[in-house]
Amino acid sequence: MKFKKSYLAIPLSMTLMIPAAGTAFANDGENHSPTAVTPASDLRTTLQHYLSEHAYLAVEAMRRGADGAEDFDAAANALNANTEDLTAAITSVYGEEAGNQFNEMWTNHIGFFVDYVKATGANDQAAKDEALNNLDGYRAEFSKFLETATGERLESDSLAEGLQMHVNQLVGAFDSYVAGDYDKAYEYEREAINHMHMVAKGLSSAITDQYPDKFENTMAVTPAADLRATLNHLLTEHAALATMAMQNGIDGSEDFDASVNALNANTEALSAAIASVYGEEAGTQFKEMWSNHIGFFVDYVKATGAEDEAAKKEALQNLDNYRADFSKFLETATDGRLKSDALSEGLQMHVDQLVGAFDSYAAGDYEKSFEDIRMAYEHMLNPAKGLSSAIVDQYPDKFAHDMPSRMPNTGMGGTAEEFPLEYLLAALMTIAGGSVLALKKYAGSK
């Protein structure tokens, strides 16, 4: 197998948060101050984007398959589009032959999950076992592919172990959903999304070590890159969970409460992140504003179900007020490194994307809905980029740790060791108990 030594193209949309002094975050080869934005962290971000989105879309497609939902085809099409994006990424690194091999294996493994869904619907245990056996064969084949592609920087045994986690999480999310254990289903979904962020960490580390010149000798795993990666994770997950909660709200779905609980848990994690940087008072302020903006989306859902145009306009006006308040909050917190005008403009894009995805869903235009969902998911990478850049510039000493010289060896399960970022990461992923929002299930009609 011949692999082309090109580098991964980074397709990012318009910036949401524009640092006031953007050049302060650039790596000129001489400046060794920490930075969240480097060629290597851009690679990691791109892999985080597509791999975590795969997990999210796969879970949603499997659920819709189980329900025989009208938007199943649109969900499957979105999942296929994600596969095309991942294939393009692999091709840009390793060439057409490797890209074609990746596409075939990746598409097959999605097909095996579909087989499992069909077998579950038919109550055919033998067919379910066959689907799982096929996924086991895929694990071995795909692990060997990645080991070879990365010049054995990732080891097939560890890769296969990590891939089993991926299979268990998607199957677990689906089985729990079918059994009516919706809280467990969303727990599995969040675990699956998180796991794919770790995949991106290991794979980007391997690629940047393999082709250092292509990434200006920058590293994919540094404290600053970890900060950006964590914000990538939490902010994209917010967009994903918000769209599902809104859809469940208008449908009066049985899993509505569970979807809201998952969205609340994401809010807790984001609030902990802000508090760990700026203190408890700022964390509390953030949590109140962030929770309120979710509540305004819920108001919009309720108004849509009630066909109350005045209430819909009021919800949008409240979201407009939130944009101004939240933009000013971030400008103040970052000492002006992020500008409120640019922030407010970017937040309007976020509002438009979530409302657009919901309106399209309510109108039965499912293809457009999933297009907007994917745009909303990608767009949240931009605030992660801007905010992480501002924080690293604001507190450079907190992100100036020495990094290990040896490569990770686990790939699909993350790196061989986790790197300390005591200032932020210790608090980031601690999900506090309780619920941010007191929401009532609304059984609306389309």
Side-chain angles (χ1 to χ4, degrees), residues 13 16 49-50 52-64 67 69-79 81-82 173 177 182 185-186 189-190 192-193 232-253 255-267 270 290-291 293-305 312 315-316 319 347-384 436-437 439 441-442 444 446:
S13 61
L16 171 57
H49 173 192
Y50 295 135
S52 65
E53 186 188 54
H54 160 75
Y56 162 61
L57 292 174
V59 168
E60 295 304 329
M62 291 173 74
R63 287 177 181 166
R64 284 158 172 77
D67 291 339
E70 291 182 1
D71 62 338
F72 170 76
D73 287 341
N77 289 340
L79 183 57
N82 170 271
Y177 180 82
Y182 301 124
Y186 278 93
E189 181 175 17
R190 294 194 72 214
I193 291 171
N232 285 340
H233 174 192
L234 295 176
L235 289 170
T236 55
E237 185 185 60
H238 160 74
L241 295 174
T243 57
M244 291 305 101
M246 292 172 75
Q247 289 182 10
N248 288 340
I250 195 67
D251 289 342
S253 302
D255 61 328
F256 173 75
D257 288 340
S259 66
V260 169
N261 290 339
L263 183 58
N264 290 342
N266 172 271
T267 295
L270 277 167
W290 195 260
S291 299
H293 106 281
I294 293 174
F296 299 145
F297 282 119
V298 172
D299 292 341
Y300 187 86
V301 172
K302 291 180 178 180
T304 300
K312 286 172 68 175
L316 293 176
L319 283 166
L347 284 168
Q348 186 60 54
M349 292 178 67
H350 175 59
V351 171
D352 290 344
Q353 288 160 347
L354 292 195
V355 169
F358 172 76
D359 284 345
S360 296
Y361 178 81
D365 189 350
Y366 303 126
E367 293 291 344
K368 182 64 167 61
S369 180
F370 271 98
E371 286 177 11
D372 286 339
I373 289 170
R374 293 198 72 207
M375 287 176 61
Y377 196 91
E378 179 180 10
H379 184 67
M380 297 307 281
L381 298 170
N382 295 312
V436 178
L437 304 175
L439 299 178
K441 184 182 296 186
Y442 179 80
K446 295 182 182 178

- Would you mind reporting whether D71 and R64 have side-chain heavy atoms less than 4.5 Å apart? yes
- Considering only heavy atoms from C-beta outward, does the side chain of M375 approach that of D372 to under 4.5 Å? yes
- Message: Just so I know, are the side chains of E53 and H49 near enough to count as touching, which here means a heavy-atom distance under 4.5 Å?
- Response: yes
- Query: Under 3.5 Å, is there a donor-acceptor pair between the side chain of S259 and the main chain of F256?
  - Reply: yes
- Output the distance between atom CD (Q353) and atom CE (M380), rounded to the nearest 0.5 Å. 9.0 Å
- Query: Taking atom CE of M246 and atom CG of N248, what is their separation to the nearest 0.5 Å?
  - Reply: 11.5 Å
- Query: Mind checking whether H238 and H293 have parallel, tilted or perpendicular rings, split at 30° and 60°?
  - Reply: tilted
- Note on the structure: So CG of L319 and CD of Q348: to nearest 0.5 Å the spacing works out to 8.5 Å
- Message: Measuring from atom CG of L57 to atom CD1 of I373, what distance do you get when rounded to the nearest 0.5 angstrom?
- Response: 8.0 Å
- For the residue pair K312 and Y300, what are the closest heavy atoms and their distance? CE-OH, 3.4 Å
- Query: Nearest heavy-atom pair of A262 and L241: which atoms, and what distance?
  - Reply: O-CD1, 3.6 Å
- Item | Closest non-hydrogen atom pair between S291 and T267, with its separation | OG-CG2, 3.8 Å
- Message: When you measure from the side chain of N82 to the backbone of Y50, do you find a donor-acceptor pair of N or O atoms at a distance under 3.5 Å?
- Response: yes
- Lys/Arg cation over aromatic Y186: R63, 6.0 Å, 45° cone: yes
- Query: Is there a side chain to side chain contact (heavy atoms under 4.5 Å, CB included) between F358 and V301 once you walk through the steps?
  - Reply: CA-CA 8 Å; F358 172 76; V301 172; 3.8 Å; yes
- L235 versus A384, closest heavy-atom pair with distance: CD1-N, 3.7 Å
- Task: Measure the spacing between CG of L79 and CD of E60 and express it to the nearest 0.5 Å.
- Result: 11.0 Å
- Note on the structure: Note: A357 and S369 closest approach over all heavy atoms is O-OG, 2.9 Å
- Between R190 and N266, is any pair of side-chain heavy atoms under 4.5 Å apart? yes
- D67 side chain near Y177 side chain, heavy-atom distance below 4.5 Å: yes
- Message: Using every non-hydrogen atom in the two residues, find where L354 and A239 come nearest and quote the distance to one decimal.
- Response: CD2-O, 4.1 Å
- Message: What I'd like to find out is whether the side chain of H350 reaches to under 4.5 Å of the side chain of P383, using heavy atoms alone.
- Response: no
- Could you grab the distance from atom CG of N261 to atom CG of D255, nearest 0.5 Å is fine? 11.0 Å
- Taking the side chain from S360 and the backbone from Y366, do they hold a donor-acceptor pair closer than 3.5 Å? no
- Item | Residue that, paired with T243, satisfies side chain to side chain contact (heavy atoms under 4.5 Å, CB included) out of Y56, Y361, F297, F370 | Y56
